[in-house]
Amino acid sequence: MVGVDPWAEALVRAQAKCRVWGVHNASPVRGDGAGLPFRDAAFGLITSNLGINNFPDPEGTLRECHRVLEPTGTLALTSNVQGHFVQWYAAFAEELESRGDRPALERLRKHVAHRATADALSSRLAHGGFRVEATHTHSITLRFRESAAVLEHHFMRLGFAAGWHEVAGAQAESVLAAVCARLDAAAHGAGEVRLTVPLVLMLAKPIGE
């Protein structure tokens, strides 16, 4: 079993976890998905969990997956899709609209639209040389006591905060504080802030050359 990540710190953490948990059949490897350091047809199964939205070169990565996968192998790909954090982005749009900030609204539209739909993922896989054999959808809910906890959560800081600040622009701090206030007001009756994450899992086989 091999795991690939371009981030050196992630590999250090993965190696430490392997030692702590006594996992001896896993090998974390530093590499780029668009240039995998493996021979052709090296694997029977490739998994990508919540990665394709963030690949610098998703088309190149899928071509490489096709190359290193056995002809009868399977690519299991999961992704969050459009509708992700719909409550947060609705409040974000309302706040920018109230400020009349059209450039920020356009940045927000592009930020939200970069997440794929199931149909778009299927099309992307087809262009990468794969045939989708099964699609499974699911939705989870992230729950927070208050919206400030969204901004403070380590995963949000790691994966989302920079993008939100870029969308909001020079007034990011006040915009995000106002977004939080809108969410808290809307969630008052429920007693918690809920963010929806729609997910899709696709199982695909390589199409022969």
Side-chain angles (χ1 to χ4, degrees), residues 1-7 10 13-14 17 26 28 33-34 36 43-66 69 73-93 108-147 149-164 166-167 179 183 186-187 190 192-206:
M1 181 169 61
V2 177
V4 178
D5 199 297
W7 189 18
R13 173 171 285 194
K17 287 183 176 180
L36 294 170
F43 302 102
L45 172 66
I46 297 175
T47 64
S48 173
N49 186 33
L50 304 179
I52 195 165
N53 285 328
N54 303 307
F55 291 154
D57 181 6
E59 289 77 16
T61 298
L62 289 176
R63 287 194 299 269
E64 276 291 88
C65 288
H66 187 281
L69 192 61
T74 297
L75 171 64
L77 182 150
T78 72
S79 180
N80 50 341
V81 291
Q82 287 188 15
H84 169 89
F85 290 179
V86 62
Q87 301 90 342
W88 175 267
Y89 289 118
F92 208 154
L108 180 63
R109 184 194 66 77
K110 292 179 179 178
H111 176 84
V112 171
H114 95 281
R115 301 197 183 281
T117 63
D119 287 344
L121 281 174
S122 181
S123 177
R124 177 165 275 177
L125 283 164
H127 280 97
F130 289 91
R131 177 181 65 256
V132 176
E133 298 206 328
T135 300
H136 304 277
T137 59
H138 184 56
S139 183
I140 64 172
T141 301
L142 303 183
R143 303 166 60 198
F144 301 87
R145 182 175 180 180
E146 58 187 7
S147 58
V150 176
L151 296 178
E152 293 168 1
H153 193 281
H154 72 280
F155 181 68
M156 301 299 184
R157 294 200 307 269
L158 176 65
F160 298 95
W164 294 340
E166 184 177 343
V167 166
V179 171
L183 274 178
E192 63 182 8
V193 172
R194 299 172 183 170
L195 300 182
T196 302
V197 184
L199 301 165
V200 64
L201 162 65
M202 291 187 169
L203 301 177
K205 295 283 189 180

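For R145, there are no side chain to side chain donor-acceptor pair (under 3.5 Å) partners, not counting sequence neighbours. Residues satisfying the salt bridge (charged side-chain N to carboxylate O under 4.0 Å, His left out) criterion with E166, sequence neighbours excluded, are absent altogether. Listed by chain and number, the residues in a side chain to side chain donor-acceptor pair (under 3.5 Å) with T74 are K205 (sequence neighbours excluded). With sequence neighbours excluded, the residues satisfying side chain to side chain contact (heavy atoms under 4.5 Å, CB included) with A149 are F144. Residues forming a side chain to side chain donor-acceptor pair (under 3.5 Å) with R143 (at least two apart in sequence, or on another chain): E192. Applying the ring pair (Phe, Tyr, Trp, His ring centres under 6.0 Å) rule to F160 yields the partners H84, F85, F155, W164; only residues at least two apart in sequence or on another chain are considered.
Counting all heavy atoms, side chain and backbone alike, I52 lies closest to S48 at N-OG, 4.4 Å.
Remark: E133 CD to L125 CG distance equals 12.0 Å, nearest 0.5 Å. A distance of 10.5 Å separates CD of E146 from CG of L151, quoted to the nearest 0.5 Å. Atom CG of L62 sits about 7.0 Å away from atom CG of L77, to the nearest 0.5 Å.
Counting only heavy atoms from C-beta outward, the side chains of T78 and L199 never approach each other to under 4.5 Å. Side-chain contact between T135 and S122 is absent, with no heavy atoms from C-beta onward closer than 4.5 Å. Residues T137 and V81 form no side-chain contact, since every pair of their non-hydrogen atoms from C-beta on lies 4.5 Å or further apart. Side-chain contact between R13 and K17 is present, with heavy atoms from C-beta onward closer than 4.5 Å.
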